[in-house]
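What follows is a set of notes on a single structure, which appears directly below.
Keep in mind it's a predicted model, so treat the numbers as computed, not measured. Just so you know, ligand 1 is whichever comes first in the structure, and atom 1 is the first atom listed for that ligand.
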Amino acid sequence: MTWLLYRLFMALGAALLGLVVGEMLRSLTGMEHLGLAFGVLSAALLVLMLDAVRGHRLLNWLRGSQTDSAPRDTGLWGEIGYRIERAVRDRERAVSRGRVELAQFLSAIEASPNGVLMLDAQEQIVWCNRVAADHFSLDPQRDLRQRITNLVRAPAFVAYLQGGNYAEPLVLANGRGQGTLSILVREYGEGMRLVLSLDITERVRNEAMRRDFVANVSHEIRTPLTVLAGFIETLHNLPLTPVERDRVLTLMNQQTQRMQTLVADLLTLAQLEGSPRPAPDRWVSLDGLLARISADAEALSSGRHRLSLRPVTQAELAGVESELLSAIANLVNNAVRYTPEGGDIELAWRVLDGGNGEVTVIDSGPGIAREHIPRLTERFYRVDGSRSRETGGTGLGLSIVKHVMQRHGGELLVESEVGKGSRFRLVFPAARVRLAGDAALGDEAAFNAAALPAH
Ligand code: ADP
């Protein structure tokens with residue numbers, strides 16, 4: 001209210017000054033009431049002029065960008081200017097706070113592993129994160145304000161978006177035709193839509209693998225079961241001679257063993273998948289493992305092959321003994337089973353530059369065509385199905401080997417040429433290899449010693 005007092009004082013001062021001047025004029029001219037009229041007029045004029053000047057100054061400031069401060073006038077105009085400037089500054093602060101929050105919000109959505117795409121009521125892209133751009137093959141800058149249905153033309157997507165029924169997600173091949181997306185739409189605001197996309201390629205592949213696996217296991221078990229059921233029926237219904245009966249029982253035994261091996265391999269795989277990584281400091285003598293494996297392989301070959309299976313390694317591997325035994329034994333057994341009579345089978349060990357250790361199984365068998373090699377470690381994948389089954393194979397051996405090697409931080413490498421033979425290599429990381437005799441040394445010394453060439 002100070003501005004009102006100020007204004008009253010100013011009008012009063014102007015009126016008094018006007019009265020004095022008017023009184024002087026009256027004494028000069030002799031006209032009655034001239035002083036009073038002049039005083040009132042002067043006061044009104046002065047107030048109007050001052051108002052016009054200050055109002056003009058404030059208006060000029062408002063017309064500008066308001067980056068400088070409002071005119072600092074006293075009285076009413078000063079107060080109006082100050083209040084407006086404060087409101088403008090408050091608004092500016094709120095807007096910039098809003099901008100920061102929006103930027104933070106958008107960068108949070110940007111960091112989301114899911115695709116997020118905002119559409120307006122005309123299906124035009126308002127904003128999308130990089131993941132959505134990648135899923136739908138869009139350009140996040142160039143494609144803004146474009147209708148999504150002009151850019152993503154898959155009929156299933158267009159029908160889903162325009163159908164309005166978003167209760168269930170849409171499953172769609174992604175923009176580049178590889179992989180699968182799960183797309184969900186949520187409506188918000190006035191006709192706005194949020195399109196969420198999730199890459200489910202891995203999930204779909206895993207589900208397909210699980211389905212295949214169950215189908216394969218069922219098939220593998222059903223075959224010997226059917227054979228067994230047939231034999232049981234034969235034993236029931238037909239009068240067999242003791243020789244025939246013996247033959248049937250031998251065949252039944254083979255089928256039962258086949259199922260037992262299959263179940264054992266399945267359990268091994270399940271165990272490998274479910275158990276923790278092998279400890280890095282449980283040392284297993286490689287020579288001990290190789291001696292057991294060689295004895296079994298010699299029995300399996302029963303003199304049909306030239307075997308060279310007992311290298312002296314003096315090495316130790318860090319890991320789970322049963323798993324290491326199973327990995328090497330699987331390779332040696334395969335070599336014996338697939339190499340025709342008279343072939344050569346060799347087992348070798350060496351320490352590579354850098355300290356990695358390598359167990360190699362080499363055979364002069366039929367070899368494996370190049371296109372099969374990447375698939376050998378798939379469960380139930382067989383190159384030669386009949387030979388595999390004839391010799392009691394389950395199709396799971398190499399996938400067990402691969403699992404064991406992965407768990408020990410190593411890898412399985414396969415080189416093969418049709419008609420010439422195969423070379424399967426198990427490469428163990430240096431940290432899991434040491435030479436016997438280094439056991440007393442510390443880990444670092446053992447690591448360095450492992451880098452020396454094998455004797
Ligand atoms: P299986 O129990 O059938 O031997 P594996 O997983 O051990 O299953 O091997 C997968 C397939 O790889 C085999 O069915 C066989 O066709 C091929 N294979 C494995 N080892 C050899 C080898 N040493 N020589 C030729 N083929 C092999």
Side-chain angles (χ1 to χ4, degrees), residues 209 212-213 215-217 219-224 254-273 293-294 296-298 300-301 304-309 322-348 358-407 410-427:
M209 270 169 61
D212 286 354
F213 182 66
N216 278 327
V217 171
H219 176 77
E220 294 288 334
I221 289 180
R222 198 175 50 192
T223 313
Q254 273 173 11
Q255 296 302 325
T256 316
Q257 270 175 9
R258 192 172 148 189
M259 279 200 291
Q260 276 173 336
T261 320
L262 178 68
V263 171
D265 277 0
L266 286 171
L267 284 174
T268 306
L269 267 178
Q271 218 165 22
L272 289 175
E273 275 169 2
I293 291 166
S294 304
D296 288 348
E298 278 154 14
L300 189 64
S301 166
R304 288 179 294 123
H305 307 94
R306 279 193 297 275
L307 303 176
S308 162
L309 302 176
S322 58
E323 293 183 19
L324 297 170
L325 183 85
S326 155
I328 305 171
N330 259 303
L331 296 186
V332 176
N333 287 355
N334 279 355
V336 174
R337 285 167 44 227
Y338 293 105
T339 304
E341 199 163 341
D344 295 305
I345 296 165
E346 186 193 338
L347 205 156
E358 184 186 271
V359 173
T360 314
V361 180
I362 308 161
D363 67 58
S364 62
I368 302 161
R370 186 194 295 259
E371 67 269 22
H372 295 295
I373 291 180
R375 303 196 56 192
L376 289 181
T377 53
E378 285 176 23
R379 291 164 188 194
F380 297 112
Y381 189 83
R382 292 169 167 114
V383 180
D384 181 349
S386 55
R387 177 101 188 99
S388 161
R389 288 190 183 87
E390 264 169 37
T391 54
T394 57
L396 296 172
L398 291 180
S399 87
I400 291 175
V401 177
K402 182 184 164 189
H403 255 84
V404 169
M405 292 312 289
Q406 276 177 345
R407 282 166 49 73
E411 57 180 336
L412 163 69
L413 303 170
V414 186
E415 296 150 37
S416 189
E417 207 175 317
V418 175
K420 292 204 168 160
S422 311
R423 177 195 294 258
F424 288 80
R425 288 156 58 201
L426 301 179
V427 182

Practice task
For R382, take its heavy atoms, then give the atoms of ligand 1 lying under 4.0 Å from any of them.
Solution key: 3 (O), 14 (O)
Handout entry: Sidechain-backbone polar pair: R370 side chain, V418 backbone, donor-acceptor under 3.5 Å
Key = no
Exercise for the section: May I ask you to list the atoms of ligand 1 that are less than 4.0 angstrom from any heavy atom of R337? Expected result: 1 (P), 2 (O), 4 (O)
Handout entry: Trace of the salt bridge (Lys or Arg N to Asp or Glu O under 4.0 Å) decision for E378 with K402
Key = CA-CA 9 Å; E378 285 176 23; K402 182 184 164 189; over 6 Å; no
Handout entry: Pair S399-R379, side-chain donor/acceptor within less than 3.5 Å
Key = no
Handout entry: Electrostatic pair R425:E415 at N-O distance under 4.0 angstrom
Key = yes
Exercise for the section: State whether the side chain of S422 and the backbone N or O of S416 hold a donor-acceptor pair below 3.5 Å, judged by distance alone. Expected result: no
Fill in the blank from the handout: Among non-hydrogen protein atoms, atom 17 (C) of ligand 1 lies closest to V383 CG2, 4.0 Å
Practice task
Could you tell me the residue and atom name of the protein heavy atom closest to atom 8 (O) of ligand 1, and the distance to it rounded to 0.1 Å?
Solution key: G395 CA, 3.2 Å
Problem - Backbone of E323 reached by a side-chain donor or acceptor of R407 within 3.5 Å - result: no
Problem - Nearest-0.5 Å distance that lies between atom OG in S388 and atom CZ in F380 - result: 10.5 Å
Practice task
Would you check whether G397 has a nitrogen or oxygen atom less than 3.5 angstrom from a nitrogen or oxygen atom of ligand 1?
Solution key: yes
Handout entry: For atom 14 (O) of ligand 1, the protein heavy atom that lies nearest, with its residue and separation
Key = Y338 OH, 3.2 Å
Exercise for the section: Return a yes/no value for G367: is any of its N or O atoms, backbone included, closer than 3.5 angstrom to an N or O of ligand 1? Expected result: no
Completion exercise
re atom 7 (O) of ligand 1, the protein heavy-atom contact at minimum distance is N334 ND2, 2.8 Å
Problem - Inter-residue atom distance I328.CD1 - I293.CD1, 0.5 Å rounding - result: 4.5 Å
Practice task
Check whether any side-chain heavy atom of S308 lies under 4.5 Å from a side-chain heavy atom of I345, and answer yes or no.
Solution key: no
Handout entry: Where ligand 1 meets S422 - atom numbers and elements under 4.0 angstrom, heavy-atom basis
Key = 24 (N)
Fill in the blank from the handout: closest protein heavy atom to atom 23 (N) of ligand 1 is D363 OD2, 2.9 Å
Handout entry: Numbered atoms of ligand 1 (with element) below 4.0 Å of T394, judged on heavy atoms
Key = 2 (O)
Handout entry: salt_bridge(E220, R389) N-O dist < 4.0 Å
Key = yes
Exercise for the section: Among all protein heavy atoms, pick out the one at the shortest distance from atom 3 (O) of ligand 1; state its residue, atom name and that distance to 0.1 Å. Expected result: S388 OG, 2.5 Å
Practice task
Taking only heavy atoms of G393 into account, list the atoms of ligand 1 that are under 4.0 Å away from them.
Solution key: 2 (O)
Problem - Identity and distance of the protein heavy atom lying nearest atom 10 (C) of ligand 1 - result: Y381 O, 3.3 Å
Fill in the blank from the handout: d(T268 OG1, H403 NE2) to nearest 0.5 Å is 11.5 Å
Exercise for the section: Check ligand 1 against D384 and write out every atom of the ligand that is under 4.0 Å from a heavy-atom position of the residue. Expected result: 16 (O)
Practice task
Would you please determine whether N330 falls within less than 4.0 Å of ligand 1 on a heavy-atom basis?
Solution key: no
Exercise for the section: Identify, by atom number and element, the atoms of ligand 1 in contact range of L376, meaning under 4.0 Å from any of its heavy atoms. Expected result: 12 (O)
Practice task
Starting from atom 5 (P) of ligand 1, find the nearest protein heavy-atom neighbour and note its residue, name and distance.
Solution key: L398 N, 3.6 Å
